[in-house]
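Notes for the one structure printed next.
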2 protein chains.
Amino acid sequence: MTAEKIRKFALIHFTQNGYEGASLADISSEVGIKKQSIYNYFKGKDELFLAVFQDVAVREMLFVEDYLKCSSLLTLENMLYGFLNEYRKRYEREDDTKFFLRMAFFPPGHLRREIVDYCNRHLDRTVLLLESFFESAASKGEMHSDVSVERASAAFTALLDGVFVEMLYGDMERSLKRLDASWYVYWRGVKNS
Amino acid sequence: MTAEKIRKFALIHFTQNGYEGASLADISSEVGIKKQSIYNYFKGKDELFLAVFQDVAVREMLFVEDYLKCSSLLTLENMLYGFLNEYRKRYEREDDTKFFLRMAFFPPGHLRREIVDYCNRHLDRTVLLLESFFESAASKGEMHSDVSVERASAAFTALLDGVFVEMLYGDMERSLKRLDASWYVYWRGVKNS
DNA sequence: CCACTCCTTACGAACGTTCGTCAGTTTATT
DNA sequence: AATAAACTGACGAACGTTCGTAAGGAGTGG
């Protein structure tokens, strides 16, 4: 119970202030305990951080897998556009994605390799899942034959990252506008006819 | 001279470790002085940071303005693609863009408002400059009439951010692949005929 | 029902280290 | 001699971490 609360507030503080900027004192005071008590549940700051990171990474992957599972019957157009919007909603609802992006882009120096490796595997798996959808959509003639599967999926993940980035700024109006524009142009470039 | 060296190494450390993660001791030791000597040139860490931020922001805007000035005669296609590639090269060459992105996305808490305001003005100005190019390109029939100027420029800036993000990961091979794919799909969606 | 032990969980106090910062002094340059 | 720039030394504050201990609950034996 307490361990869960620690994880929860640690996520918030790591997301907001980064690894170095988040202090165990701040985290524990939100939980309602002293910083020393954290050591009853975690060996130190690093272990707490990595536990939070692990949690987030698992949930992040689960979200992708669940969405793709539920949307396997949709057309490519509806599936991709839905994916963008579901991810956007999730981004607004949870700190997970923001945390994950922050640590993927700017990991704490002494945990860099560990985190980068994990993120690369995460990214590879996501691309793999997506590409199989593009593959089957291409065979159904939903994509223009001038656009290869690799290009379409690579451009889509880049689009997704671009949307994330815009949301990091926090300006919701602008990010919605960009999502709309990006998707409009993207689909014009990919669709058949 | 010394002040310039301090700025230079401060930029490197702030870029690599963030505001909280970069210590005056580390910065000064690279310069070859003690950390207290920094106070001969800057009132404190905040002033040093803001000076570096200011430098970077100015250079960043200058780069955009210069490129657009030199490329005003090109076709939209060549201008935009060149812009992507020049920015990518600059990103590899300098720490400026990486620093700017890091601080725009995750500013130190107590300087947040100042930085966010500055970045918003920066972004507004960039979009303004770009839109005038799209405007004139549209009137020359270089863009498809189904794609509005706002959409095309919003999608392009999102594309640019997506490329930046990919470069933050550091995997150059993957980011080149994504740049190619993003641009290919984007231009298919925007071009006339 | 009581007394005893065991285990968990929280805390106060303190650790050593690093942080940014200030004051005073020496060195070097003009 | 004067001025700027580097130094030494020290400061309080905050950091993550460790230690010993006290409070409370669970389970056991008398």
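Chain A is the first sequence line, chain B the second, and so forth, proteins listed ahead of strands; every chain is numbered from 1. Just so it is clear, the structure is predicted and the values come from calculations on it, not from any experiment.
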**Asked** With respect to the phosphate group of C/dG20, does any side-chain polar atom (N or O) of B/Lys45 fall under 4.0 Å of OP1 or OP2?
**Response** yes
**Request:** Rounded to the nearest angstrom, tell me the gap between atom OH in B/Tyr39 and atom P in C/dG24.
**Result:** 17 Å
**Asked** Is the shortest side-chain N/O distance from B/Ser37 to OP1 or OP2 of D/dC7 below 4.0 Å?
**Response** yes
**Prompt:** Between B/Glu30 and B/Lys8, is the closest basic N to carboxylate O distance under 4.0 Å?
**Reply:** no
**Prompt:** Taking the nucleotide of DNA chain D with the closest heavy atom to each, which residue, A/Leu24 or B/Thr2, is nearer the 5' end?
**Reply:** B/Thr2
**Request:** Can you label the angle between the A/Tyr81 ring and the A/Trp183 ring as parallel, tilted or perpendicular, going by 30° and 60°?
**Result:** tilted
**Prompt:** Counting any heavy atom closer than 4.0 Å, what does A/Ala3 reach on the DNA or RNA strands: base, sugar-phosphate only, or nothing?
**Reply:** nothing
**Ring-face cation of A/Arg102 near A/Phe99 (centre distance under 6.0 Å, axis angle within 45°)** = no
**Request:** May I have the distance from A/Phe42 (atom CZ) to C/dT9 (atom P), rounded to whole angstrom?
**Result:** 12 Å
**Length of the CD-P vector between B/Glu4 and D/dA5, whole Å** = 13 Å
**Request:** Could you please name the option among C/dT21, C/dG12, D/dC7 that lies closest to any side-chain atom of A/Lys34?
**Result:** C/dG12
**Item:** Side chain A/Gln36 and base C/dG12 donor-acceptor under 3.5 Å
**Value:** yes
**Asked** Salt bridge or not for B/Glu60 and B/Arg90, using N-O below 4.0 Å?
**Response** yes
**Prompt:** Please give, in whole Å, the distance from C/dC22 P to B/Asn40 CG?
**Reply:** 13 Å
**Request:** Would you kindly give the CD1-to-C1' distance between B/Ile38 and D/dC7, to the nearest whole Å?
**Result:** 14 Å
**Prompt:** Within this structure, what is the NE2-to-C1' distance between B/His110 and C/dG20, rounded to whole angstrom?
**Reply:** 11 Å
**Request:** Return yes if the base of C/dG20 and the side-chain atoms of B/Lys35 contain a donor-acceptor N/O pair under 3.5 Å, otherwise no.
**Result:** yes
**Complete:** Between CD of A/Glu20 and C1' of C/dG20 the distance, given in whole Å, is 16 Å
**Prompt:** Does OP1 or OP2 of D/dA6 have a side-chain N or O of B/Tyr41 closer than 4.0 Å?
**Reply:** yes
**Request:** For C/dT18, take OP1 and OP2 only and decide whether either is under 4.0 Å from a side-chain N or O of B/Ser23.
**Result:** no
**B/Lys89 with B/Glu86: basic N within carboxylate O range, under 4.0 Å** = yes
**Message:** Rounded to whole Å, please give me the gap between CG in B/Leu111 and P in C/dG20.
**Reply:** 14 Å
